[in-house]
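Here's the structure we're looking at; comments come further down.
The first residue in the sequence is number 1, and the count goes up from there.
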Amino acid sequence: VQLQASGGGLVQAGGSLRLSCATSGRTFSSYAMGWFRQAPGKEREFVAAVSWNGIVTYYTGSVKGRFTISRDNAKNTVYLQMNSLKPEDTAVYYCAAGNSLRVDVGSYDYWGQGTLVTVSS
């Protein structure tokens, strides 16, 4: 499985961005998908995850109510809609695919290359 994240950029605080992660392979719909982020000097952290069928979602507390993860299995793509962005959301965002819906980095087997999100104050 190959993953390609896109949609990052520079946005002012309070603004919105939508990240996309396109995947190759015919087994996309069998994977749980997650978004993680890594700020400079910090460890990679969990942001959001969605089950294979899109029904179950998890979010880290700091993004609840602001970010929405979704997926389109017909397009082999997972999305992260980010609203009310804050400077502390600045990071490289990574999408990942795994066999189970988990929040830890180690549970995901496939990773995209990352897309940079910068939120200015």
Any donor-acceptor pair under 3.5 Å from Arg102 side chain to Gly34 backbone: no

Heavy-atom donor-acceptor pair, Ser121 side chain to Pro87 backbone, under 3.5 Å: no

Pair Tyr58 + Phe46: ring centers closer than 6.0 Å: no

OG1 on Thr23 to CD on Gln4, rounded to 0.5 Å: 11.0 Å

Same apolar cluster: Tyr79 and Met82, side chain cutoff 4.5 Å: no

Side chain to side chain, Val105 and Glu43, heavy atoms closer than 4.5 Å: no

ILVMFWY network linking Phe36 to Tyr110, side-chain heavy atoms under 4.5 angstrom: no

Closest contact, heavy atoms only, Leu85 versus Leu17: CD1-N, 3.9 Å

Over all atoms of both residues, closest heavy-atom pair of Ala5 and Cys95: CB-SG, 4.1 Å

Verify same cluster id: Trp111, Trp35 (apolar side-chain graph, 4.5 Å): no

Linked, directly or transitively: Val103 and Val47 (ILVMFWY side chains, under 4.5 Å): no

Distance (rounded to the nearest 0.5 Å) between Cys21 SG and Phe28 CZ: 7.0 Å

Atom CH2 of Trp52: over 12 foreign heavy atoms under 6.0 Å: no

Minimum heavy-atom distance between Ala32 and Tyr108, given as atom pair plus value: O-CE2, 4.1 Å

Side-chain heavy-atom pair Phe67, Asp89 within 4.5 angstrom cut-off: yes

Tyr59 vs Ile69 side-chain heavy atoms within contact, under 4.5 Å: yes

From Met33 atom CE to Leu80 atom CG, the distance as rounded to the nearest 0.5 Å: 11.5 Å

Distance-minimising heavy-atom pair for Arg37 and Ser62: NH2-OG, 3.4 Å

Approximate separation, where rounding is to 0.5 Å, of Ser30 OG and Asn53 CG: 12.0 Å

Minimum heavy-atom distance between Ser20 and Thr77, given as atom pair plus value: CB-CG2, 4.3 Å

Minimum-distance pair of heavy atoms, taken over all atoms of Ser16 and Gln81: CB-NE2, 4.0 Å

Side-chain heavy atoms of Tyr94 within contact of Leu3, under 4.5 Å: no

Tyr93 backbone acceptor or donor facing Thr115 side chain under 3.5 Å: no

Over 12 foreign heavy atoms within 6.0 Å of CD, Gln113: yes

Partner of Val50 by side-chain contact (heavy atoms from CB on, under 4.5 Å), out of Thr57, Thr68, Val56: Thr57

